[in-house]
Amino acid sequence: MRPLPLPLTLAARLAPVAVLAVTGWALSSGPQTTPAAGHRAAPETAAPSPSAPATRAAAKTYPTAPAPCASLAKKTLASLVPGARPAGKEIPSTDTELRRTCSWNALKGYEYRWLDVSYEILRTDEAARASYAERVADKSGGGEVPGLGDAAYSVVNLTTEEKQQTREGTVLVRAANALVVITYNGSDFESRDAPGSDTVNKGAIKAAKEAVTALTDGGAGGTG
């Protein structure tokens, strides 16, 4: 039997932009006065006015990215990526507090599946909204996913190379200042077909729901 062709490597994921917040304090004191001639003024210590404004960096809803490899239940992984090791493989990141990604992939028989879960933490909710809107605009042919995060979008695409089909679904979710990105694809190396759009889309959305739950629960993903 001739060797089976391997699927294309997934496109490089978007790199996060880390912006550090700076905290400053404004202090105020009363005006200085010149002591009268011949008298020494007693030393005075100027105290900050109780009404002096304090400027602080806006608190982040999600300050760090949770562990992506612990975001999905074992039974979910078994159904979406049959034969994959539940532990997954975390992709190296330049800043694991701001961006973390885990991958699972396996070939079972002639069926190949690949799943990525990625978390990206932005400095503010507004920055996350802007990034979300920009990415959705780059992906045509999809639709909104109601009831998932603050906003969610899914799209499925089919590619064919050397008569081998691969169907890939992407789900992008915004939750406050965080983005959750799911990439799920599959191929059949015997028939050279790809799994159906509905199968891929539903699988990607299922993974997205669990990944968002892991984010909102503080990184405690399902294990059952």
Side-chain angles (χ1 to χ4, degrees), residues 1-16 68-69 71-93 99-120 131-149 151-174 179-212:
M1 182 174 63
R2 64 184 182 82
L4 296 175
L6 293 178
L8 295 176
T9 303
L10 293 179
R13 303 291 182 256
L14 294 173
C69 291
S71 62
L72 304 184
K74 290 181 180 178
K75 61 182 180 181
T76 299
L77 292 168
S79 66
L80 296 182
V81 194
R85 295 181 178 180
K89 180 180 180 181
E90 184 158 359
I91 306 303
S93 172
R99 187 175 191 278
R100 297 180 73 175
T101 300
C102 189
S103 276
W104 296 265
N105 62 85
L107 177 65
K108 187 171 184 179
Y110 292 96
E111 294 281 343
Y112 184 83
R113 296 292 183 272
W114 180 300
L115 174 66
D116 279 359
V117 173
S118 180
Y119 292 105
E120 299 178 26
S131 181
Y132 174 86
E134 182 179 356
R135 297 187 198 192
V136 168
D138 288 338
K139 295 181 178 295
S140 61
E144 295 183 359
V145 183
L148 182 55
Y153 179 86
S154 72
V155 62
V156 177
N157 290 305
L158 177 67
T159 59
T160 303
E161 184 167 333
E162 296 181 357
K163 299 182 180 180
Q164 174 63 61
Q165 292 184 345
T166 299
R167 183 167 272 115
E168 179 170 290
T170 301
V171 178
L172 175 64
V173 185
R174 184 185 72 81
L179 296 179
V180 181
V181 184
I182 305 298
T183 305
Y184 180 50
N185 67 39
S187 300
D188 184 323
F189 292 143
E190 183 175 35
S191 67
R192 291 187 170 271
D193 294 331
S197 295
D198 194 53
T199 298
V200 171
N201 191 48
K202 286 183 177 179
I205 291 174
K206 179 177 178 61
K209 289 179 177 179
E210 290 192 17
V212 171

Item to check | Glu90: salt bridge (Lys or Arg N to Asp or Glu O under 4.0 Å) partners, not counting sequence neighbours | outcome: Arg100
Checklist entry - Donor-acceptor pair, Ser93 side chain versus Arg99 backbone, under 3.5 Å? => result yes
Checklist entry - In Å, rounded to the nearest 0.5 Å, how long is the span from CZ of Arg174 to CG of Leu179? => result 8.0 Å
Next on the checklist: As a quick check of understanding, evaluate side chain to side chain contact (heavy atoms under 4.5 Å, CB included) for Leu80 and Arg113, giving each step before the final call.
Outcome noted: CA-CA 7 Å; Leu80 296 182; Arg113 296 292 183 272; over 6 Å; no
Checklist entry - What are the two closest heavy atoms between Gly186 and Ala194, and how far apart are they? => result O-CB, 3.9 Å
Item to check | Residues forming a side chain to side chain contact (heavy atoms under 4.5 Å, CB included) with Ala208, sequence neighbours excluded | outcome: Leu148, Val171, Val173, Ile182
Checklist entry - Is the closest side-chain heavy-atom distance between Gln164 and Ser187 below 4.5 Å? => result yes
Checklist entry - Between the side chains of Asp116 and Thr101, does any donor sit under 3.5 Å from an acceptor? => result no
Next on the checklist: Apply side chain to side chain contact (heavy atoms under 4.5 Å, CB included) to residues Trp104 and Leu72 and explain how you reach the verdict.
Outcome noted: CA-CA 11 Å; Trp104 296 265; Leu72 304 184; 4.2 Å; yes
Next on the checklist: Among residues at least two apart in sequence or on other chains, which ones pass side chain to side chain contact (heavy atoms under 4.5 Å, CB included) with Val136?
Outcome noted: Tyr132, Tyr153, Leu172
Checklist outcome for this item: d(Ile205 CD1, Tyr184 OH) to nearest 0.5 Å is 12.5 Å
Checklist entry - Taking atom CD of Glu210 and atom NZ of Lys75, what is their separation to the nearest 0.5 Å? => result 8.0 Å
Next on the checklist: Which heavy atom of Glu162 sits nearest to which heavy atom of Arg192, and what is that distance?
Outcome noted: O-NH1, 3.1 Å
Item to check | Arg167 CZ to Asp198 CG distance, which is reported to the nearest 0.5 Å | outcome: 10.5 Å
Checklist entry - How far apart are the closest heavy atoms of Gly88 and Cys69, and which atoms are they? => result C-SG, 4.2 Å
Next on the checklist: Return the CG to OH distance between Leu107 and Tyr112, rounded to the nearest 0.5 Å.
Outcome noted: 8.0 Å
Checklist entry - Once you round to the nearest 0.5 Å, how far does CG of Leu158 lie from OG of Ser197? => result 7.0 Å
Item to check | Side-chain touch Asn157/Thr170, heavy atoms, less than 4.5 angstrom | outcome: no
Item to check | Min side-chain heavy-atom separation Thr159-Glu168 under 4.5 Å | outcome: no
Checklist outcome for this item: Closest non-hydrogen atoms of Ala84 and Ala106, given as atom of the first, atom of the second and distance, are N-CB, 3.5 Å
